[in-house]
Amino acid sequence: MELELAREVAEKFFNKSGSIKVLAGERNPNFLVTTAAGKFVLKIHSGEEVSQIHIQQTALASLEQLVKFQTPVTIPAVSGELLVDIGEGKFARMLTWIDGELWSQSKDLGQNNKAQLGRLIASVDSQLANVDCKDYRATLDQPFGWNALQAKELVADIGLIQDLELRKQVSIVFDRITNRTLAKVLALPHQLIHNDANDNNVVVANGSVTGLIDFGDLIYAPRVCGLAVGCAYQLDANDPVASIYAIVRGYHEVSALSPAELEVLFDLICLRVATSVVMAHKQLAADPGNEYLSISQDFFRTLLPALTSVSDRLSHYRLRNACGYDAHPDSRHVRQWLATTDAKISDVVMPPFADAKKIWLDWSGENKNIARSWEAIEAEMHAAGADVAIGHYCEDRNVYESDFFVDEGKESRTVHLAVDLFAPAGTPVYAALDGKVFLFHDNTAHLDNGPMIVLEHETDQGVKFHTLYAHLSRESLEGLSVGKEIKSGQQIATMGTEEVNVGWPPHTHFQIIMDLCDMAHDIWGVAAISELPVWRSMCPNPNLILRIPEGTDVHAHMKTETLAQEREVVLSRALSLNFQKHLEIVSGKGAYLYDRAGGKYLDLVNNVAHLGHSHPRVVAAAHKQMLTLNTNTRYYNQNAIEYARALAGTLPDPLSVVFFVNSGSEANDLALRLARTHTKANGMMVLEHAYHGHITSIIDISPYKFNGPGGEGCPEHVRVAPIPDAYKGIHRGEGCGDKYAADFASTMKTLDQPLCAFISESIVSSGGQVPLAPGFLKQAFATTRAAGGLCISDEVQIGMGRMGSTFWGFELHDVVPDIVTIGKPLGSGHPLAAVVTTPEIANSFITGMEYFNTFGGNPVSAAIGQTVLDVIVDEALQRNALNVGNYLMDGVRELSKSIECIGDVRGSGLFIGVEFVTDRASQSPGTQITKDLIEFARENGVFLSSDGPGDNVLKIKPPMIIGKSEVDQFLDVLKRGLKR
Ligand code: PMP
């Protein structure tokens, strides 16, 4: 259609005039109309399309409910119609334009986009599931080459493919579908689906997937068909299945995929790829010169063999794993059965195996001195008087040198899936369970399995699984036949020699395998480390059978990328990670943390590792007490009692009764209970931006959370007083503490219920390390007490000597609270927290209801807590906090003379805030400056973090052991980072 005509239609029927441009479209003419009011898409249709357009409009109307993603919205014509007859058998409609660019053209795709694509498809599906398709079925089920449910109709066209290899690949895919998978697909629930989330229909903005367009391929089918389409256009030929994990996971997060859906997904993905080959050949047949079509087929030529050469069953298991399911659907059942069965489980070697003297061989890549030859192993066994040497399960080994373990361009397989039982050649091998011979073979390739036997077993519920015995003598295979019954404990083989065993010293490789996945004789005994979670499920720990109490699983260290992927599946995405570049931290010592690659970072963030990371005295105290006793507080135990006295001794009178708990949140929750029981009231006073913990009762008194993203606002029983910030608060300068105290009193008056308590920190950390304006706290305490409320000091962040000049934060203000809560630093890394109160308040808590806390104050925690107090004294850490803290603040103040963006330097001891501004006069927050500095510092070996409403305050709260040289390192990085 001519542009002119389109312009006319836009003006006449939709009253939209502006610039107009043709958009690419497979089927019908599309135009972009740009007017002063925004951008719109004008679509022109023929009369035959009208019924399909009605469905599209119904779908789009239902998708207007989508919250997190965008889809086009239909703009009515001047006449009010959604589709207008423009004459000559043509119809027009107008849609909103979705800002951004198409995935296919985007160069700015963020890390998380595949998961986001999955979430998009799932969100659209969830919405479309509400559309009643009763009246549309005739149109939706029309013959349509891209409808997976009609795959059979395309089979006849496979012959159009002249390239015989390509034709073979396509046939394999269609055979799987038509012979097996389609029936399962048809049995799934059907709904309206978009069916075309290819990269030309997915909109990306600011690096993130934001919308879906083109609803011309809607069909009525199981939703997994549409997910398969989205996956098919994102495949990487190197490892197609791994390349779509994130999409499938993203979908599953929004709307759970059932096992039945996951079972057919891989075949449907292959079908989409094969369909596009057949469809292209149909088009080529009609238009033989079309070069574009032949080029687009090149990719499929490499992709299809990659899809058909992998086991579809294994692919299914891998996709289950990507969603967080146990990779093999029956693995859990088999593991449970082996753990509980009364069936006879026999020793595989040397009965009674429990009595055999064992040693363990370390064949991990980390061991530079592996006993690889039989001579070396025998020598070790001899020295220890061992009957058998054990090789570990899930060990990442570097002994698999042969090509057999490397697939061109792919990751080598190095992680052991079995347990090795090393003993002299000729040692008898017995069947672990009743079963029958499933397979036996002599694998003669260098470093392969050698002669091996696979038995098949069955659980009480008829679930089949296998045991593999490899590296046997050749004679062991004589007289075997597939299906032969074998009894548990029956000798089935002897161990082979190194010659027979193609380069391995004599041992039996004993493995449990859920499914041989078309591996024929080439059964994997080792897997790629990146696929370890899949293979743990496929090949459960053989110790379920061997029952070696010392264990066999060494939990090979997975790659950082695998951990990142796993974390997305098994931990909540609400848990954030530090820094733009996420790090795997593997160890800590003193003030430093170390990443996997050996990178060393000065940790200025961690006030939990109060005495420094891995303090040897804390480790020793924990170890010693763990070796002796750990139980709850329902017995006399000197640790908790002596430690409670010592902790109370750091606090002013009459704070003397201690409750031990496990976290700061729990401490604050208990403080609330104590206060409520004592005052019989519920009203709470808190400070603006305060954070006191993550549990339900405490979110209610944390404006940082209830007024922050996802928060539900201030609860009825809570009032928020202005933060007494002398630097940038509503009152500043001399005497502002009094004004804040007056505000506090007037805010308290608005409470329409009796006051229970006022809780605050003495330096509000989540507010951006804001010291309370002088004089405020004393008056606020008096106001609170006059109203019958209690005063709670949250020392979770700031206590334990960190203030330098005082041991506790409240002491800076010359007050004594009624309740003190302590957390983070108390155990120097061990989860230990406490509430300390007066005997009178503690007495009110004696109501008849027992206070029991399983872990609180256990002997191990108490031993650690006591050690932390001891070390603070022995290493003079409070004095260090004062001296080093002042040195740090002086250093930053000096820098601020030449660096304008340093707006304020504040704090006490080693609890310091450095506030960045874009302009000192206006104090406007230097949020980006802070963000950039934190990343720069990380790159330069210093960990920093930020907080405050503008996220523009560096929170400096390092382990208390840092010295001036560490401060110099920080000051150097700060200077370089800010002067860039
Ligand atoms: N109070 C304050 C002031 C805190 O900063 C925090 C934790 N950041 C808590 C309480 C809660 O402590 P936890 O995370 O140990 O529950």
Side-chain angles (χ1 to χ4, degrees), residues 572 574-576 578 603-610 659-675 684-708 711 718 720 723-724 757-772 777 791-800 802-803 808-810 812-813 817 819-836 853 855-857 861 864-865 868 907-913 945-949 951 953-958:
S572 161
L575 290 164
S576 67
N578 279 349
D603 183 2
L604 298 184
V605 171
N606 203 322
N607 57 342
V608 173
H610 202 55
F659 295 80
F660 290 116
V661 293
N662 311 284
S663 70
S665 303
E666 204 189 330
N668 283 329
D669 181 75
L670 180 58
L672 277 192
R673 280 186 65 198
L674 288 166
M684 289 296 299
M685 283 300 295
V686 298
L687 294 181
E688 194 184 356
H689 304 309
Y691 174 69
H692 297 290
H694 64 84
I695 61 183
T696 312
S697 62
I698 304 300
I699 292 287
D700 274 358
I701 56 164
S702 298
Y704 181 72
K705 291 286 176 191
F706 67 62
N707 283 335
V718 180
V720 182
I723 185 164
F758 163 47
I759 181 167
S760 92
E761 295 178 278
S762 295
I763 298 181
V764 184
S765 43
S766 48
Q769 313 289 81
V770 177
L772 302 183
L777 200 63
C791 300
I792 305 172
S793 182
D794 181 335
E795 298 280 339
V796 170
Q797 291 262 8
I798 63 181
M800 300 285 285
R802 181 167 292 281
M803 297 290 100
W808 300 107
F810 64 81
L812 295 171
H813 299 275
I819 303 174
V820 174
T821 58
I822 317 162
K824 295 182 192 289
L826 205 56
S828 195
H830 177 82
L832 170 62
V835 180
V836 189
N853 190 318
F855 298 117
S861 299
I864 291 170
V868 174
S908 183
L910 282 173
F911 201 71
I912 300 166
S945 67
S946 64
D947 221 323
D951 217 4
V953 183
L954 279 189
K955 275 171 56 158
I956 301 170
K957 44 183 182 123

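Order of appearance sets the numbers: ligands from 1, and atoms from 1 within every ligand. Every heavy atom of this structure was used, including side-chain atoms; hydrogens, water molecules and symmetry mates were not.
- Closest protein heavy atom to atom 12 (O) of ligand 1: G664 CA, 3.2 Å.
- Here the CD1-CG distance, from I792 to L672, works out to 5.5 Å after rounding to the nearest 0.5 Å.
- Scanning all protein heavy atoms for the shortest distance to atom 1 (N) of ligand 1 gives D794 OD2, 2.7 Å.
- Ranking protein heavy atoms by distance to atom 8 (N) of ligand 1, first place goes to K824 NZ, 2.9 Å.
- With values rounded to the nearest 0.5 angstrom, I763 atom CD1 is found 7.0 Å from H813 atom NE2.
- Here the protein heavy atom with the shortest distance to atom 6 (C) of ligand 1 is Y691 CE2, 3.6 Å.
- Below 4.0 Å from some heavy atom of S663 lie the following atoms of ligand 1, by number and element: 15 (O), 16 (O).
- Note that the CZ atom of R802 and the CD atom of E795 stand 12.0 Å from one another [nearest 0.5 Å].
- Nearest non-hydrogen protein atom to atom 10 (C) of ligand 1 is H692 O, 3.0 Å.
- S946 and D951 share a donor-acceptor pair across their side chains, judged by distance under 3.5 Å alone.
- Listed by number with element, the atoms of ligand 1 under 4.0 Å from a non-hydrogen atom of E761 are 3 (C).
- Residue-environment remark: CZ (F855) stays at or below the threshold of 12 foreign heavy atoms within 6.0 Å.
- Protein heavy atom at the shortest distance from atom 16 (O) of ligand 1 is S665 OG, 2.4 Å.
- The distance from atom CG of N607 to atom OG of S828, rounded to the nearest 0.5 Å, is 10.5 Å.
- Checking only distances, Q797 does come within under 3.5 Å of ligand 1, N or O to N or O.
- A heavy-atom distance below 4.5 Å is found between the side chains of V720 and F706.
- Using a 4.0 Å heavy-atom cutoff, E666 is absent from the residues neighbouring ligand 1.
- Atoms of ligand 1 lying under 4.0 Å from at least one heavy atom of H694, given by number and element, are 16 (O).
- Atoms of ligand 1 found under 4.0 Å from any heavy atom of N668 (numbered from 1 in listed order, with element): 1 (N), 10 (C).
- Contact annotation: the side chain of N853 approaches that of N662 to within less than 4.5 Å [non-hydrogen atoms, C-beta and beyond].
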